[in-house]
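Accompanying notes for the structure given below.
All residue numbers in this chain count up from 1 along the given sequence.
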Amino acid sequence: MAEKLQALKQQVCCSIDEAKDKLHGLGDAIWHHPELAYEERHAHDTLVRFFTQEKGWTVEPHYKLETAFRATWGPVGGADGESVVNVGFLCEYDALPSIGHACGHNLIAECGAAAALGLKAALESEEAWPVLIKVTVLGTPAEEDGGGKVDLLQEGSFQDLDVVFMAHPTQKNATYLPAMAIHSVLVKYHGRAAHASAYPWEGVNALDAAVMAYSNISVLRQQFRPDWRIHGVIKHGGVKPNIIPDYTELEYYMRTASHRDLPNITAKAEACFHAAAMATGCEVELLFGKNDFYEVLRNRTLEDLYEENGKALGMKFAIDGFSGSTDFGNVSHAVPGIHPYFYIGSEALNHTAEYTAASGADKAQFYTLRTAKALAMTALDVIFSPDVLDKVKQEFREAKLREEKP
Ligand SMILES: NCCCC(=O)N[C@@H](CCCN)C(=O)O
């Protein structure tokens, strides 16, 4: 049995290696054409074309969202009437404003596609499987802004999946990093314009409100728990020194270790925004983001298997580190899964121009495809033994119960 599983894992690796040029072409096409959240039309079309050209995939473009897609293969194996084990791989492909693929989501898309291709090839190489198996690739837009996975969860797109996999590029390999829950808000101050020299007393200064809000938050921050974060930018700050700004806009991200604390951090931040409005006489409007992201619910069974497979491929794993937030967090509360991080051959930091360069460099290819192999090998572990899937699901149920306790 163990030898058979090893042979299948070998098949995963060979198939991904054989497909490396077209997989590189996929990641490259997305990297060269960065698109913002919910606008990833080129990436969507590129991925849809890719899976349409591959044999055996049923592809659904514009799946529930304009720039989402689903590609499915199977079911294969098993006997009639058996329930299907449906393994999901997720592809992200949105970029950041101004700096392109500075978070390497082009590589996430490539990695998800590669893992799915590798797993399919291994499954095809074997005639008899004890269970019915299906492979699903979900193209999930808008991770950087909005949360396409949360939209898709609300549409029921994850309901028939048993386990989900994706991986995110960063400076090291890690089976897990503590992604934070996040809530966002757009803050708009409305004041009154006036000539800033001739009759300033007629004005109501919306920039003063924005600056006070920024300072209030900065003061508040020193009383935060170490695992809370808040950060913002002034998106509009006025147009000319001699016009008292009648409109300003800020955007803030509020993060906590658990989504249960988001209402607490939000209430504190709201007080800061309202205080600035009251002090300056401005009106304030708070527009909260449509989807909160949850922290990632861990599945150690999957993490351990992934680490074992990664190590067999030569990966070295870090045991600590920091992260931002991800809408995979919400997925992990609905379906067991993992969201490991992978090194791409560069020490550059995510969300910098240097990282954009690193995620488009040829050097990143080896690491991305190695990660895809480890994901597909882990999927094989789950498929190959019903006990492993039972353990994964049991751990998920227990984590949910713990998490739901008051
Ligand atoms: N953990 C993956 C990092 C990806 C990332 O940077 N995501 C953004 C999400 C912002 C959602 N509005 C982040 O700032 O954490």
key: Counterpart residues, ring pair (Phe, Tyr, Trp, His ring centres under 6.0 Å), relative to F51 (two or more places apart)   =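 Listed in chain order: W57.
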Residues forming a ring pair (Phe, Tyr, Trp, His ring centres under 6.0 Å) with Y189, sequence neighbours excluded =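 Ring pair (Phe, Tyr, Trp, His ring centres under 6.0 Å) list for Y189, sorted by chain: empty.
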Between [Y] and [X], is there a side-chain heavy-atom distance shorter than 4.5 Å?
X: D387; Y: K391; answer: no
X: F69; Y: T52; answer: no
X: I383; Y: L119; answer: yes

task = State which residues pass salt bridge (Lys or Arg N to Asp or Glu O under 4.0 Å) with E307; sequence neighbours excluded, sorted by chain then number.
result = K311
message = Ignoring hydrogens and geometry beyond distance, is a side-chain donor-acceptor pair present between H24 and E110 at under 3.5 Å?
response = no
Show the atom names and distances, to 0.1 Å, of all donor-acceptor pairs under 3.5 Å that link a side chain in residues 175-183 to residues at least two apart or in another chain.
| unit_1 | atom_1 | unit_2 | atom_2 | d |
| --- | --- | --- | --- | --- |
| H183 | ND1 | D292 | OD1 | 2.5 |

request  = Carefully, step by step, assess Q394 and E398 under the rule side chain to side chain donor-acceptor pair (under 3.5 Å).
outcome  = CA-CA 6 Å; Q394 180 61 21; E398 285 168 8; 2.8 Å; yes
query = Which is it for Y247 and K188 under the side chain to side chain contact (heavy atoms under 4.5 Å, CB included) test, yes or no, and what are the steps along the way?
reply = CA-CA 7 Å; Y247 177 72; K188 298 180 173 189; 3.4 Å; yes
Show me the donor-acceptor pairs within less than 3.5 Å that the side chains of residues 233-241 make with the rest of the protein, sequence neighbours left out.
| unit_1 | atom_1 | unit_2 | atom_2 | d |
| --- | --- | --- | --- | --- |
| K235 | NZ | E251 | OE1 | 3.0 |

request  = Any pair with a residue in residues 362-386 that passes ring-ring contact (aromatic ring centres under 6.0 Å, His included), sequence neighbours left out, goes on the list, sorted by first then second residue, please.
outcome  =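 Qualifying pairs: Y343-Y367.
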